Amino acid sequence: MIRVLRITRDHPQYPQEIALRELVLLRPIDYSVDRFMTEYPGFEERFVHFIAIDAQPKGEKLVGCALLLPPADGDPESAAKGGKLMQMAVDPQRQREGIGHKLIVELERYAFARLELARLFCHAQLSAVPFYERQGWKIEGEQFDEAGIPHRLMSFQAEVPNRV
Ligand SMILES: CC(C)(COP(=O)(O)OP(=O)(O)OC[C@H]1O[C@@H](n2cnc3c(N)ncnc32)[C@H](O)[C@@H]1OP(=O)(O)O)[C@@H](O)C(=O)NCCC(=O)NCCS
């Protein structure tokens, strides 16, 4: 059974979250979480961390993660943009089982109900755009490159009737 948890960096599964982000997202572009933390100081601390855990007979296994970067305090431009969904990854052997869906539903619920944000956005790799569209997210603007990978800006508004 898959459970989605909101964790802080002192959670015992946090090292597995880092490992999954590196495996799925960062190593393929020659990056690491250490380098990310150096180039984006303060982000790791600001992130709200969501993890998906599979309870198996031989123990719990982390199978997915998604991070929410809330708007910067006291920055109206950042508040208007809303929260940024980042570093969403599902174990390559467990994709297309609904784990990504469960993660994004929890992240949306937290962003809209708890943080009272009006909007979420992300830079979606082209290959992941259909996944976000299935979740009701909309493409905005033109395609752009980030870390050498084509991306689309996608967003999700709190007003849109949704599953939250
Ligand atoms: C993108 C990702 C997070 C999706 O997670 P997932 O657990 O595989 O997705 P789910 O199983 O919850 O899929 C939910 C729905 O989206 C669809 N979907 C998922 N990935 C898809 C894809 N690449 N293309 C088309 N449809 C897709 C599923 O078929 C499912 O459809 P349904 O509602 O009709 O059943 C995951 O595949 C992943 O980690 N990919 C590699 C890293 C990545 O691209 N991260 C995002 C960076 S922006």
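Here the structure is a predicted model, which means the values were calculated and not measured. Only heavy atoms go into these numbers, but all of them, side chains included; no hydrogens, no water, no symmetry mates. Indexing begins at 1, ligand by ligand and atom by atom, following the structure's order.
The list of salt bridge (Lys or Arg N to Asp or Glu O under 4.0 Å) pairs with a residue in residues 135-148, not counting sequence neighbours, reads Arg119-Glu140.
Under the rule for a ring pair (Phe, Tyr, Trp, His ring centres under 6.0 Å), the partners of His123 that lie at least two apart in sequence or sit in another chain are Phe144.
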Identify every side-chain donor-acceptor pair in residues 78-87 under 3.5 Å, counting partners at least two apart or on other chains, and give the distances.
residue: Ser78; atom: OG; partner: Ala72; partner atom: N; Å: 2.9
residue: Gln87; atom: OE1; partner: Arg21; partner atom: NE; Å: 2.8
residue: Gln87; atom: OE1; partner: Arg21; partner atom: NH2; Å: 3.3

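Judged purely by distance below 3.5 Å, without hydrogens or angles, the side chains of Gln56 and Asp54 pair a donor atom with an acceptor atom.
Using a heavy-atom distance under 4.0 Å as the criterion, the protein contacts of ligand 1 are Val24, Leu25, Met88, Ala89, Val90, Gln95, Arg96, Glu97, Gly98, Ile99, Gly100, His101, His123, Ala124, Gln125, Ser127, Ala128, Pro130, Phe131, Tyr132, Arg134, Gln135.
Between Phe43 and Tyr40, the ring-plane angle classifies as tilted under the 30° and 60° cut-offs. In this structure, Phe47 and Phe36 have parallel ring planes: the angle between them is below the 30° cut-off, well short of the 60° mark.
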